[in-house]
Amino acid sequence: MLRDTWVLFRHGVRTTLRQKVGIVFGAVQPLLFLVLFGPLFTTIGTWETLVPGLIIQLGLMSMGLAGFGVVFERSSGVLERLRVTPVSRLALLLGRVLNNAVTLIIQTALLLAAAYALGLRAPAAGVLAGFGLVLVLGVSLAALSYAVALTIDQNLFAPVMSTAVIPLVLLSGSFLPMSMAPGWLDALSHLSPFRYPLEALRELFHGHYANGTVALGVAVTVVFAAVSLTVGTRVFNRENA
Amino acid sequence: MIRTTGLTKTFGDVTAVAGVDITAEPGEIVGFLGPNGAGKTTTMRMLTTLLRPTSGSAVVAGHDLLADPRGVRRRIGYVSQGGAVPPAEPLRGELELQGMLYGLGREESAARTRALLARLELTGLEERPGAALSGGQRRRFDIAFALLHEPVLLFLDEPTTGLDPQSRANLWDHVRALRAERGLTVFLTTHYLDEADALCDRLLIIDHGRIVAEGTPAALKSGGRTLDDVFLDITGRSLREEAGV
Ligand SMILES: Nc1ncnc2c1ncn2[C@@H]1O[C@H](COP(=O)(O)OP(=O)(O)OP(=O)(O)O)[C@@H](O)[C@H]1O
Ligand SMILES: [Mg+2]
C-alpha cells in the first residue's frame, strides 16, 4: 500500500511539475488580492490578519477543485484501468492527495514570500504551525473534492465546486474578520468549517500559540480531516465508481 | 480459469445480465458474441472486479471474485471497450507506471514496456500523448497496458474495433503466440464473426443477458451454415419475439 502510494505520488508530481504554469496560475487570485487589496486593507488592519485569510482562500480554491483531475481520468477510462490493477483503493486516493499537497505547499510558499516582501512580519514558528494546519485542511478538502468528482455527473463538477467554494471562502471571514460582520452573518459563518482554522491561523501569525482559538481551529481541522478522508476512501472503494 | 454460476446484474429495472454460467479452461480462447446491448461488457466488468454482481458467484484466475478481488486483479489483464489511454500524458511513462503498480521494479517495467511496444509495432510513438495518436494506435496502446504484467487471463472487449487488417492480424498472432508460450487464456468479445470463427476454440452467444448458444465454431456451424446464419438465427429470432411477433 505504501509503495503503491509512493509510486502513484511520484508519477503524479512529475506530471504536475510539468505544468508549472498551472501551479502558479492557481495562486494568482490570492496573489492579486495580496498586491492590489493588501495595501488598502492594511490602512485598517494588519498583514498578519489579511495573509491567513488569503492562504485559506488559496487552499479552498486550489484544493476544492482538485477533483477535476479525476473527472478527466474517469472519462478517459484511465481510472478504470487503474482500478483493475491490484493497487489498493486507498493508495489511489492518497497518491493523488499527497500530490495535491505538494502543489499547495508551493503555492502557499509563493504567497508567503510575496507577503513578506510587502510587509508581513509573522514569527517563523507561527507560520510553520500554520503551514501544517493548512496542509491538513487542504489535503482533506482535496479528498472530499475527489469524492464529489466520482459521485456527481462529470459535467456538473466544475460549476458545482466553483460555486460551492465562493460562499465557503466568504463565510470563513477570509477577506475581513467575521468580528466586523453584523450579528446574523457572524452567526451564519460559524457554519463554515473553515472559519475556525482561519481564526487559529490569525492567532498563530500574531505569535499567540496556546489559546482556545488555536485549540478549536486544530480540533475542527482534525475532525474535518477524519470525515473527509473517510468519505474519500469510501467512494474510491465503491465497486463501480 | 473462469467458472461462474448464475452471474446476474440489474441496473434499476434493467436486467443487463440474467444468470449466466460461463467456463473457460486454461489456455482456451473463448469468444463471447452477441448483439449490441446483450450484456457482454457488463459481464466482463463483473469478471474484472469493476462491477459487483447483483447475484451469483465466480472464480476467476483461481480466486473468488467476491472474496478475493485483489487476487483476481493480480492475474488478469483487461482491455475495455472504451479504451484507457490518457489524452495528455506521454504514454511511455504511463506504461511504466502501470507495470510498477503490478509490483515490477522500475527497470523491469521499462524493459518490458520497450519489448511490448516493439512487438505491437508502437516503437517511436511512446513519447506522444494519447491525443496525438490515431484510433488504431491508441487501441494498440490499450492492449499494451493489459499485457505488461503478463497476465494468465486476458479479457478483451472488442479489441480490434478500429484496427486495420494488418494490425488485427498482428494482434491475433501475438495472442496466439502468448497462448503457445505461456498458456494464456483469453476471453474476448467481437462483432467480427469471421475473426471469432478463425481464432476461438469455443464460442458463447449471449442475448438479453442470457447465454443462448455455446459450442466450438465447427459445432455451431454444423449443417453447412455460416456463423452469420447461426448468429442471425439465434439472436434474430429472439429480437422478433421481443417485438411481439
Ligand atoms: N450503468 C448502466 N445503467 C443502466 N443500464 C445499463 C448500464 N450499463 C449497461 N446497461 C444496459 O445493460 C444492457 C447490457 O449492456 P452491455 O454494455 O453489457 O452490452 P454489450 O453486450 O456490451 O453491447 P455492445 O455490443 O453494444 O457493446 C444494455 O441494455 C445497457 O443499456
Ligand atoms: Mg459492450
Side-chain angles (χ1 to χ4, degrees), chain A residues 1-23 25 67-96 98-99 149-151 153-154 233-241, chain B residues 9 11 42 44-54 63 65-66 68-91 93-106 109 129-131 138 141-142 144-146 148-149 151 155 157:
Chain A
M1 210 278 295
L2 287 179
R3 175 190 174 272
D4 292 340
T5 303
W6 170 245
V7 167
L8 284 161
F9 166 71
R10 207 182 40 196
H11 182 79
V13 168
R14 224 178 286 141
T15 307
T16 311
L17 290 184
R18 233 182 295 131
Q19 298 141 0
K20 295 182 191 69
V21 191
I23 299 184
F25 203 72
F68 215 39
V70 97
V71 169
F72 289 120
E73 286 189 22
R74 186 154 78 134
S75 58
S76 66
V78 171
L79 187 65
E80 190 168 280
R81 165 159 58 75
L82 295 176
R83 291 169 56 85
V84 183
T85 70
V87 165
S88 92
R89 272 87 259 264
L90 184 59
L92 287 179
L93 176 66
L94 287 181
R96 278 174 181 67
L98 292 176
N99 175 26
L150 290 179
T151 305
D153 183 287
Q154 59 189 54
T233 318
R234 272 276 162 78
V235 172
F236 260 79
N237 259 321
R238 219 169 34 193
E239 207 63 28
N240 56 351
Chain B
K9 183 70 195 182
F11 298 105
T42 307
M44 281 220 181
R45 286 171 52 80
M46 286 193 279
L47 294 177
T48 52
T49 76
L50 287 167
L51 209 55
R52 178 172 287 276
T54 309
H63 296 263
L65 192 61
L66 296 174
D68 184 14
R70 215 151 157 203
V72 174
R73 289 178 192 130
R74 243 189 280 277
R75 307 190 64 207
I76 65 169
Y78 174 48
V79 172
S80 69
Q81 185 171 2
V85 171
E89 262 54 79
L91 295 178
E94 295 290 314
L95 279 162
E96 290 174 8
L97 170 69
Q98 175 92 356
M100 292 176 75
L101 295 180
Y102 283 95
L104 299 181
R106 196 201 308 230
S109 187
R138 266 202 295 279
F141 271 103
D142 282 331
F145 277 114
L148 205 57
H149 59 291
F155 290 93
D157 198 352

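Only a predicted model underlies this, so the values are computations on that prediction, with no experimental measurement involved. Heavy atoms only: backbone and side chains are in, while hydrogens, waters and symmetry mates are out. In the text below, chain A, chain B and the rest are named by the order of the sequence lines, each starting its count at 1.
- Interatomic distance, Phe145(B) CZ to Leu82(A) CG, rounded to the nearest 0.5 Å: 9.0 Å.
- Heavy atoms closer than 4.5 Å to chain B are found in the side chain of Thr15(A), but not in its backbone.
- Not counting sequence neighbours, the partners of Arg96(A) by the salt bridge (Lys or Arg N to Asp or Glu O under 4.0 Å) test are Glu73(A).
- No more than 12 heavy atoms of other residues, nucleotides or ligands shown are found within 6.0 angstrom of CZ on Arg234(A).
- Side-chain contact between Ser80(B) and Arg81(A): absent, with no pair of heavy atoms (C-beta onward) separated by less than 4.5 Å.
- In terms of heavy atoms, Gly77(A) sits closest to Ala84(B) at O-CB, 3.4 Å.
- The shortest side-chain heavy-atom distance between Thr85(A) and Gln98(B) falls under the 4.5 Å cut-off.
- Arg83(A) has its side chain out of reach of Pro69(B): every pair of non-hydrogen atoms, C-beta onward, lies at least 4.5 Å apart.
- Neither the backbone nor the side chain of Arg75(B) comes within contact range of chain A, judged by heavy atoms closer than 4.5 Å.
- Of all heavy-atom pairs spanning Arg18(A) and Pro90(B), the tightest one is NH1-CD, 3.4 Å.
- Interface residue Val85(B): only backbone heavy atoms are found under 4.5 Å from chain A.
- Contacts with chain B (heavy atom to heavy atom, under 4.5 Å) involve these residues of residues 5-12 of chain A, listed by number: Val7(A), Leu8(A), Arg10(A), His11(A).
- The candidate with the highest count of non-hydrogen atom pairs below 4.5 Å against chain A, out of Gly82(B), Gly83(B), Pro87(B), is Gly83(B).
- Remark: His63(B) engages no residue in a ring pair (Phe, Tyr, Trp, His ring centres under 6.0 Å) (not counting sequence neighbours).
- Shortest non-hydrogen contact noted between Val84(A) and Tyr78(B) is CG2-CD2, 3.8 Å.
- Taking the side-chain hydrogen bond (donor to acceptor under 3.5 Å, both in side chains) definition, one finds that Gln81(B) meets it with Thr41(B), Glu158(B), sequence neighbours left out.
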